[in-house]
Structures are given as C-alpha cells and as structure tokens.
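Heavy atoms only: backbone and side chains are in, while hydrogens, waters and symmetry mates are out. First the proteins, then the strands, lettered A, B, ... as listed; each starts at 1. Just so it is clear, the structure is predicted and the values come from calculations on it, not from any experiment.
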Protein chains: 2
Amino acid sequence: MSVADRKAREKEALKALILKGAKKLFIEKGIEQTTIRNIADEIDYSVGTVYVYFKDKTAILHDLHSIGFQELGSYFQELFKIKDPMERLRKMGFAYIKFALENQEMYDLMFNLKAPMEFLEKSENEDWDEGAATFNRVKVTIEECINKGHFKGHNVEPLSFMVWSLVHGMCCLEIRQRTKGVKFSNPDTILFDGYNEYLKIIEKM
Amino acid sequence: MSVADRKAREKEALKALILKGAKKLFIEKGIEQTTIRNIADEIDYSVGTVYVYFKDKTAILHDLHSIGFQELGSYFQELFKIKDPMERLRKMGFAYIKFALENQEMYDLMFNLKAPMEFLEKSENEDWDEGAATFNRVKVTIEECINKGHFKGHNVEPLSFMVWSLVHGMCCLEIRQRTKGVKFSNPDTILFDGYNEYLKIIEKM
DNA sequence: TAAAAAAATGAACGCTGTTCAGAAATAAAA
DNA sequence: TTTTATTTCTGAACAGCGTTCATTTTTTTA
C-alpha cells in the first residue's frame with residue numbers, strides 16, 4: 001500500500017465523515033436549517049475543509065440523496081424474493097410509503113428538493129441514475145403483471161408512472177404538511193387508508 | 001367616506017401592489033431567487049415599507065398562496081355545471097393538472113412550499129381553509145359518484161385523498177424535475193399519458 | 001534536517017431576511 | 001396659515017448565509 005493509496009482512503013473517509021455529519025444534522029434539525037458551518041462544527045473541521053471535499057452545498061445534498069436511494073434499496077431488498085408480481089407490486093408501494101414516513105428528510109431530499117437535480121444539471125452525467133433505477137423496478141414488476149394477464153389494455157410506462165405518482169403524492173402531501181392542513185377524520189392513518197383504496201381498485205385487475 | 005376609510009383603502013392597495021410585484025418576480029425568476037429587496041425595487045418602495053405591510057416573508061407567500069387558490073378556482077369554475085359526477089371527476093383532475101403545468105411556481109407555493117404552512121402555524125387560525133375547501137370539491141364529487149353506484153366498497157375520504165395524491169404526485173414529480181430525471185419514452189406527454197391510465201382504470205367502476 | 005507538497009484554516013466578500021431610529025409626508029388643531 | 005400630532009416611509013445596520021482564497025500547519029520527500 002503506497003502513501004497515495006492511504007491518502008486516497010483518508011480522503012474518502014473524510015468525505016464520508018462530512019456526509020455522516022450532514023445527515024445527522026439534517027435529520028435532527030432539518031435540511032433547510034442546517035448550514036455548512038454547522039456541519040463543519042459537528043465534525044470538528046473548519047468551513048474551508050468542507051469546500052476542499054465538496055464543490056458546493058448541492059454536491060453534499062446530491063451525495064446524500066444517493067445514500068438515500070441505497071437506503072430505499074434496503075427497504076426493497078426482500079421484495080424481489082416475491083414471485084407473484086401483483087403481490088410484489090402491492091408490497092412495494094407499502095415499503096415505499098414506509099420508507100418515506102420513517103425517513104422524511106431523506107425522502108424530501110431524494111424526490112422533492114431541487115438541489116440534487118441542480119447538481120446533475122451542472123455535472124457531466126446529467127442522468128438521474130438513482131431515480132431511473134428505482135422507477136425501473138416498478139416498471140419491471142408491472143410488466144410482469146401485464147405478462148400474467150393483469151392490467152389489460154394498459155401501457156407499462158405511463159401506468160408505472162401513475163402508480164409512482166400515487167404513492168409519491170401521498171408521501172409528499174404528508175411530508176409537506178398538506179394532510180395536517182386538511183383535517184381528515186382519521187389523520188394518523190390517512191396514508192395507509194388511501195393506499196388501501198388503491199389496493200382495492202387493482203384487486204380484480 | 002372618511003379619511004380613515006380612504007387610508008384603509010390605500011393600505012389595501014399597497015398590500016395588493018406588493019403581492020402583484022412579488023408574483024411577477026416569482027413567475028419571472030422563481031420564488032427562491034426572489035428577495036424582499038427585489039420586490040421593493042420592483043414597486044419603487046423601500047425594503048422597510050414591505051415590512052410595514054407584511055410581518056415577514058412567509059406572510060407574503062401565504063397571501064400569494066391564497067391568490068393561487070382563487071386562480072385554481074377559476075380553472076374549476078365550469079366543472080360544476082357538469083351534472084354527471086364521474087364526468088366531472090375526470091375533468092377535474094384534468095383541470096388540476098392543467099393549472100399545475102400552466103402555473104408551476106404558484107402550484108409549488110400552494111402544495112409544496114413550507115412557507116404558507118409555517119405562516120399558518122404562527123397565526124391564530126391554524127386551519128388550511130384553502131386546501132380544505134378544494135379537497136372538499138373532490139370529496140363532494142366522489143360522494144355523488146358513490147351515491148350513483150360507482151366505487152362500490154370504497155370510502156369517500158380515503159378514496160378522495162388517493163385521487164388527489166395521484167394527480168398531485170404527477171404534478172409534483174414534473175415540477176420538481178423528477179420526470180426530466182427519469183427519461184421517459186414520451187417525456188412531453190407523460191403527465192397526460194399517466195392520467196389517462198387512471199381514467200382507463202376508473203372507467204368501469 | 002531542509003525543501004517540497006498536501007491539507008486545513010478562518011477572515012473576508014457579497015448576499016439574505018429583518019429591525020428600528022429617524023426623516024418625510026400627511027392630517028388635525030390652533 | 002402656522003403649529004402640532006400622527007401616520008407613513010426610509011435605508012443604514014445586524015446577524016447569519018454560502019463561498020473563496022491567501023496563509024498557516026502538517027505531512028512527505030530528498
């Protein structure tokens with residue numbers, strides 16, 4: 001192991017440390033309320049150092065958004081053992097909602113905040129690989145459903161987008177306080193009640 | 001007409017002028033990119049004056065969010081002439097998407113940004129009247145559908161929430177660049193293609 | 001041990017939302 | 001009309017933000 005190798009490892013370690021500190025503060029006090037100075041303080045480095053390892057704030061937010069997709073992946077892990085695509089589709093939406101509710105700041109970062117997309121626009125590879133890969137998992141599952149005779153007369157891609165929008169919409173309204181705003185008769189379970197109506201609809205499809 | 005009356009009118013006029021200037025800049029260069037100084041410059045008043053008429057930035061954003069709901073209302077105007085509730089429900093979602101796409105910054109403000117909800121939390125009346133009223137229009141329509149024998153075995157409130165989430169989710173993904181991120185085979189029409197899948201589903205319900 | 005390279009620093013810049021003592025304009029009173 | 005009182009408006013000043021970069025500190029190489 002050369003010195004250069006060790007240095008490279010140390011660089012990665014400090015980058016990871018910054019991201020870890022950032023994530024901690026994001027969850028503790030919200031992304032908007034967290035400053036670069038906060039992050040630097042949290043890990044006992046100076047502001048300048050943060051900028052040695054990250055071009056700007058959107059770079060931190062983008063890297064953290066990628067970590068979020070890894071975490072969402074772990075929520076999906078079990079799902080692909082399920083052979084029946086309809087059953088998998090049902091459980092997938094459920095897992096998605098569960099992830100969003102248990103990781104609200106991370107979900108917001110992944111699917112709502114502008115920063116990660118702004119970072120992509122500035123960078124070489126403009127593609128949103130994380131989003132595309134996750135969407136593909138829905139698409140593949142729905143394609144299997146169609147191949148098994150479900151969703152007659154439907155098209156894979158727009159149908160997948162519709163399903164994604166449905167669960168995303170619920171999570172988004174919840175996280176951005178629009179469900180608290182509209183007082184539901186059963187506010188604590190509205191997401192799952194809503195998702196249940198969708199399950200009833202696709203039951204016989 | 002007393003002097004006090006005229007002054008009250010002038011106060012309202014200046015408040016409206018500030019909102020008008022703010023809205024113009026929001027649409028022109030985005031809400032996040034617009035500062036109080038920008039707004040003051042736009043209407044040829046000083047920063048201080050803006051703060052005489054509005055407690056803080058969230059107050060401006062909340063008032064503008066209310067104006068947005070009035071505008072959404074005008075998109076809904078024609079709908080309640082439609083007697084068939086299923087037909088009205090279909091057109092309503094369409095109008096909702098149309099509004100979102102034609103007024104992206106306003107839609108974001110109404111259904112996504114934290115500011116209007118933060119303003120509500122600070123104010124006396126914490127209820128989100130605008131959201132509740134709009135949601136009620138969906139609820140009433142779906143209730144009519146159920147009374148006519150549609151949506152058997154479904155519950156009005158969670159079903160309405162599901163429908164709202166579906167269209168909101170699509171608009172939200174589009175406005176926050178998540179559809180541009182995932183490259184669809186037909187990117188320009190994905191919202192309407194997605195909505196069409198939903199229409200196919202509720203066709204025989 | 002000295003020179004070179006790499007890493008970390010924090011003061012400084014221009015921006016933000018917000019405040020508030022004082023100036024300017026208007027209304028009321030003399 | 002002139003004086004006083006009231007209302008309206010102003011913009012410098014403040015603290016905090018993301019970001020930069022000349023300088024210092026640490027580490028590696030000679």
Side-chain angles (χ1 to χ4, degrees), chain A residues 1-19 21-22 25-26 28-64 109 113-119 121-123, chain B residues 1-19 21-22 25-26 29-64 109 113-116 118-119 121-123:
Chain A
M1 273 183 261
S2 71
V3 173
D5 284 346
R6 202 201 65 226
K7 290 238 167 173
R9 261 183 292 122
E10 281 174 355
K11 263 184 94 166
E12 279 309 303
L14 186 43
K15 227 179 160 178
L17 184 68
I18 292 168
L19 290 173
L25 293 176
F26 286 176
E28 258 175 38
K29 47 185 252 173
I31 292 174
E32 274 171 9
Q33 281 68 49
T34 303
T35 69
I36 305 287
R37 283 171 181 84
N38 292 157
I39 297 170
D41 280 356
E42 173 71 25
I43 58 170
D44 296 321
Y45 276 88
S46 70
V47 242
T49 304
V50 175
Y51 280 91
V52 171
Y53 291 85
F54 292 93
K55 209 191 122 296
D56 56 22
K57 206 183 181 185
T58 71
I60 299 176
L61 290 169
H62 177 268
D63 273 22
L64 225 40
L109 177 60
L113 294 197
K114 288 174 179 170
M117 296 296 128
E118 281 166 4
F119 177 84
E121 276 170 27
K122 284 182 287 184
S123 69
Chain B
M1 272 185 262
S2 72
V3 175
D5 285 345
R6 199 201 68 226
K7 290 234 167 170
R9 260 182 293 123
E10 280 173 359
K11 264 185 95 167
E12 279 310 302
L14 186 41
K15 227 178 161 180
L17 185 68
I18 293 168
L19 290 172
L25 294 176
F26 286 176
K29 50 185 251 173
I31 291 175
E32 275 171 7
Q33 281 68 47
T34 302
T35 70
I36 305 286
R37 281 172 182 82
N38 292 158
I39 298 170
D41 281 356
E42 172 71 25
I43 59 170
D44 297 320
Y45 277 88
S46 71
V47 241
T49 304
V50 175
Y51 279 91
V52 171
Y53 291 85
F54 292 93
K55 210 191 125 292
D56 56 22
K57 206 183 182 185
T58 70
I60 299 177
L61 290 169
H62 176 268
D63 272 21
L64 225 41
L109 176 60
L113 294 198
K114 288 174 179 171
E118 281 166 4
F119 177 83
E121 277 170 26
K122 285 181 286 184
S123 69

Is K122(B) salt-bridged to E118(B), cutoff N-O under 4.0 Å? no
Within residues 53-62 of chain B, which residues have any heavy atom lying less than 4.0 Å from an atom of DNA chain D? Y53(B)
How many Å lie between CG on L17(A) and P on dA7(C), as a whole number? 16 Å
Would you mind reading off the bend of the helix from dT1(C)-dA30(D) to dA30(C)-dT1(D) from its two end axes, five pairs each, to 10 degrees? 20°
Would you say a side-chain N or O of S46(A) is under 4.0 Å from OP1 or OP2 of dT9(C)? yes
Nearest whole Å is fine: how far is dG17(C) C1' from K114(B) NZ? 18 Å
Euclidean distance, atom CD of residue E32(B) to atom P of dT16(C) [Å, nearest integer]: 13 Å
Atom CG of L14(A) to atom C1' of dT9(C): distance rounded to whole Å? 13 Å
Rounded to whole angstroms, how far apart are CD1 on I31(B) and P on dG17(C)? 13 Å
So, OP1 or OP2 of dT19(C): does either fall under 4.0 Å of a side-chain N or O from Y51(B)? no
Pull out every residue in residues 36-44 of chain B that has a heavy atom closer than 4.0 Å to any atom of DNA chain D, ordered by number, or say none. R37(B)
Round to the nearest Å and state the distance from Q33(B) atom CD to dC15(C) atom P. 15 Å
Counting side-chain heavy atoms from C-beta on, which of dG17(C), dC9(D), dG18(D) comes nearest to V52(B)? dC9(D)
